[in-house]
Amino acid sequence: MSLVQASNLTKTYRVGDIDVPAIKGIDFAIEASSFVAFVGPSGSGKSTLLNMVGCLDHPSSGTLKVLDTDIATLDRRAAARFRGEHIGFVFQDFNLIPVLTVFENVEYPLRMVQEWPAAKRREQVLRMLDAVGMSDQADKRPDQISGGQKQRVAVARALVSQPKLVLADEPTANLDHDTAYRILELMKKMRDEFGTTFIFSTHDPKIMGEAEVTFTLEDGRLMTNSNGGRHV
Amino acid sequence: MFDILGIASRNLLRYRRRTTLTLLLIVIGMVAVLLFIAVAGSFRAMMVGQITDSVLGHLQVHRKGYVASIDNLPLNLNMKPQMVAKVEDALQANPAVETWSPRVKFGGMFSNFAETTSIRVNGIDPAREAATTPLLPGRMIEGDKSGALVGRGQIVIPLLLARGMKTKVGDTVVVVATNRDGSVNGKTFVVRGILESVTGPGGRDGYVHIDDARELLRMNEAEVSEIAVRLKDFSRLDRTTGQIRAVLEGVTSKEGKPVLETHSWADLSPFANLARMIDLMTLFIKVVLVSIVLVSVMNVMIMAVFERIREIGTIAAIGTPPSRILSLFLAEGLMLGLVGTVAGTLLSLVAIFGINLWSPTFNFGQQQNLVMAPTIAGGDVLTIAALVVIVAIVASLQPAWKASRMDPITALRHV
């Protein structure tokens, strides 16, 4: 059973009186513990696709199953619960909460979403901070650390609740080249360590090759699938 | 909950200047309201106390129709001894009644043998009157304050009359009155004392002994114009007035109509309207406070939501339930309300304490050098505090609701 399975998936936005198709009937499947990239130019539908996989948006037609759940059946509250339990997010702009320390940012999903007991929560947060190499920055606020460090914290936050799937929309767009590579390396390492499936989007050709499976999107259509450079 | 309050307080501290300004508004509003309630309430209580404890008593019982004609002090509407007995039975039976004083009221001519003027006189039982209106002896500004207010053959006259007639304590004067049959009678009195005038009905009346009044008016039986009543607990006035009224409505004429009427001080004194106006102003200033808190907290919370749209999108995306997002913003409103309330209450209490230490004086009508001694009931403080906190939460509801309903994708795209 695939972790994510899309069948004839479409998404159409209505802008005024005009229907604008963003995803035009695509099929794909993503296996557990894979490291997947959706690539393509701006406006190709990467973010729309990731939003649907992340249960932030509903498909217009077709089916999209994540962890065997048809996301079209989830209402707002159920979708929030599903995301909290099964999906981690890494954002392009890091999106750390500025009033919380690094430790508290990573702790947030366990405290405000899943309500883990304090001792277990602390142990898990320290473990994740250690895994992303941010243990020594735990008491700092987001405005006291660099962009690369912020993204490490964001990765730790995405992984802290042990989700099956982490979605990262352009996670390296605001980072320099070296830092971008290090973040992708970190994400791979986390995948290896925790078995989490990573799906990220990018339009940067230099980092596309880092993915083990790449889906190329163009104008809302899936043009090529490749596996380690091989077309699948 | 503790987590939410912690995050809320940090978010408030994030915009320090805005939070401080909003808190300042709430604090100023609270101080203004509590000080107004304390000062106006004390003024009200003092004036009501002056009127009830030195002239009217807490409530009065008359024969039906007497109050409507009270300007004429009609002798034909006095209560007969049988009626008086029934009233006294009713008062005796009511445990809220402390004491009462029968009065014979009449209008007459006052002469110092050189000049003559009109006078309104209360014939009283001095001991019972002093028990019913305990501030009355204190109004005597000339004459011996010790002993009974008036004895047989003595009269206590109001200050304005004494000044106008150039009458002093110890002077002999004559009071001439017409009895209910129309015949005129006169009686000499020695001026026992001079009374300070007070605001309201009866505030400029003279006093003689009730037996002298009956003798002057040639009453064959112990008639009474009014019975002034003092209660043990003034706060139970309305309930007790109602109870006494209900009992006395059972005292009827041969035609079956009630022959007695019961009025609280508020029914008899025009100051009751001033007291009502003070209550209305208090209500108005509470409305102003509610508006200040509502507008300022709502403004802060709307700005907070607007400035943190991406943050809301982030926490929504990572699975924070909408109800928790709602709580996060409500908690900010709650914190603003709570901190503003605590600071405002403390500052108000310090200000009230300071005014009491300072003890400023003021004049009201004929009364000079009244000391302003503001006090505020714990219940009033709690009511205002609860009002501010509730309004702060209500003001946060709309922005918090908007935040909790925000679409994560739209919020995350917000620049």
Side-chain angles (χ1 to χ4, degrees), chain A residues 11 13 22 47-48 50-52 54-58 74-101 104-116 118 121 141-143 154 157-161 163 166-167 169-170, chain B residues 1-19 300-301 303-333 335-336 400-415:
Chain A
K11 178 69 188 178
Y13 293 109
S47 296
T48 303
L50 249 58
N51 286 339
M52 287 192 285
C55 305
L56 294 168
D57 208 353
H58 282 168
L74 301 175
D75 62 12
R76 230 166 51 88
R77 277 190 180 76
R81 204 177 312 121
F82 187 82
R83 289 195 300 271
E85 284 170 11
H86 303 295
I87 305 174
F89 287 88
V90 177
F91 303 96
Q92 179 179 333
D93 296 319
F94 328 124
N95 291 19
L96 300 179
I97 299 167
V99 294
L100 302 182
T101 63
E104 289 164 338
N105 263 288
V106 177
E107 188 188 26
Y108 184 92
L110 303 183
R111 196 167 188 168
M112 303 297 280
V113 181
Q114 296 200 352
E115 298 177 4
W116 284 32
R121 201 164 66 209
R141 293 275 171 98
D143 59 358
R157 180 178 66 184
L159 286 165
V160 75
S161 55
V166 169
L167 299 172
D169 191 6
E170 303 270 7
Chain B
M1 185 63 188
F2 198 71
D3 294 341
I4 289 174
L5 287 177
I7 294 175
S9 59
R10 286 198 212 175
N11 275 319
L12 288 173
L13 289 173
R14 186 168 163 183
Y15 306 103
R16 227 172 271 262
R17 189 179 299 176
R18 193 166 67 202
T19 303
V300 166
M301 295 314 299
M303 286 304 293
V305 170
F306 181 74
E307 286 168 349
R308 281 157 40 201
I309 289 179
R310 279 176 70 89
E311 208 174 299
I312 295 164
T314 306
I315 61 173
I318 63 181
T320 310
S323 58
R324 186 145 288 182
I325 297 175
L326 183 89
S327 321
L328 273 168
F329 283 90
L330 283 184
E332 286 183 37
M335 296 285 284
L336 273 174
W401 176 255
K402 190 179 165 190
S404 72
R405 305 291 298 177
M406 218 169 260
D407 170 35
I409 300 173
T410 314
L412 285 166
R413 278 196 202 121
H414 184 81
V415 181

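Quick caveat, the model's predicted, so the values are computed rather than measured. Letters A, B, ... are given to chains in the order of the sequence lines, protein chains preceding strands, and every chain is numbered from 1.
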S.K.: Indicate yes or no: at least one non-hydrogen side-chain atom of A/Pro98 is less than 4.5 angstrom from one of A/Asp143.
M.R.: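 No, too far: nothing below the 4.5 Å cut-off.
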S.K.: Taking CH2 in A/Trp116 as the centre, count heavy atoms belonging to other residues, nucleotides or ligands within less than 6.0 Å. Is the count above 12?
M.R.: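 Yes.
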S.K.: Would you find more than 12 non-hydrogen atoms of other residues, nucleotides or ligands less than 6.0 Å from B/Arg14 atom CZ?
M.R.: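 Above 12, so yes.
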S.K.: Looking at chain B, which one of A/Leu100, A/Leu56, A/Leu167, A/Ile87 has the largest number of heavy-atom pairs inside 4.5 Å, strictly under?
M.R.: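 With the most close heavy-atom pairs to chain B, the winner is A/Leu56.
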S.K.: Measure distances from A/Leu96 to the heavy atoms of chain B and classify the residue's part below 4.5 Å as side chain, backbone, both or neither.
M.R.: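 The answer is neither part of A/Leu96.
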S.K.: Taking side chain as everything from C-beta outward and backbone as N, CA, C, O, which of these in B/Leu412 sits under 4.5 Å from a heavy atom of chain A? Side chain, backbone, both or neither.
M.R.: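 Just the side chain, heavy atoms under 4.5 Å.
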S.K.: Can you find a pair of side-chain heavy atoms, one from A/Leu110 and one from A/Ser161, that are under 4.5 Å apart?
M.R.: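 A side-chain contact under 4.5 Å exists here.
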S.K.: So for A/Glu104, is it side chain, backbone, both, or neither that comes closer than 4.5 Å to the heavy atoms of chain B?
M.R.: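 Contact with chain B: side chain only.
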S.K.: Going by residue number, which parts of residues 311-321 of chain B are within reach of chain A, meaning a heavy-atom gap below 4.5 Å?
M.R.: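 Listed by number, the contacting residues are B/Glu311, B/Thr314, B/Ile315, B/Ala316, B/Ala317, B/Ile318, B/Gly319, B/Thr320, B/Pro321.
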S.K.: Against chain B, label A/Glu107 side chain, backbone, both or neither, depending on which of its atoms sit under 4.5 Å from a heavy atom there.
M.R.: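 Contact with chain B involves no heavy atom of A/Glu107 at all.
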S.K.: Using 4.0 Å as the upper bound for N to carboxylate O, is an ion pair formed by B/Asp407 and A/Arg76?
M.R.: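 Answer for the salt bridge query: no.
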S.K.: Parallel under 30°, tilted from 30 to 60°, perpendicular over 60°: which one fits the rings of A/Phe91 and A/Phe89?
M.R.: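 If you compare the ring of A/Phe91 with that of A/Phe89, the planes turn out parallel.
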S.K.: Looking at A/Tyr13, I want to see if its OH is surrounded by more than 12 non-hydrogen atoms of other residues, nucleotides or ligands under 6.0 Å.
M.R.: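 Result for OH/A/Tyr13: enclosed.
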S.K.: Measure the shortest side-chain to side-chain distance between B/Phe329 and B/Arg308 over non-hydrogen atoms and say whether it is less than 4.5 angstrom.
M.R.: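 Side chain of B/Phe329 against side chain of B/Arg308, heavy atoms only: contact under 4.5 Å found.
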S.K.: Does any heavy atom of chain B fall under 4.5 Å from the side chain of A/Tyr108, the backbone, both, or neither of them?
M.R.: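 Just the side chain, heavy atoms under 4.5 Å.
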S.K.: Is B/Arg405 in contact with chain A via its backbone, its side chain, both, or neither, using a 4.5 Å heavy-atom distance?
M.R.: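 Backbone plus side chain of B/Arg405, per the 4.5 Å heavy-atom cut-off to chain A.
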S.K.: Is there a side-chain contact between A/Arg141 and A/Asn105 (heavy atoms, below 4.5 Å)?
M.R.: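 Heavy-atom side-chain distance check fails, nothing below 4.5 Å.
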S.K.: Chain A heavy atoms under 4.5 Å from B/Arg10: which part of the residue, side chain, backbone, both or neither?
M.R.: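 Both parts, heavy atoms under 4.5 Å.
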S.K.: Chain A heavy atoms under 4.5 Å from B/Thr410: which part of the residue, side chain, backbone, both or neither?
M.R.: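 Contact with chain A: none, neither part.
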S.K.: Check whether A/Lys11 reaches the backbone of A/His58 with its side chain - one donor and one acceptor, N or O, closer than 3.5 Å.
M.R.: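 Checked: pair present.
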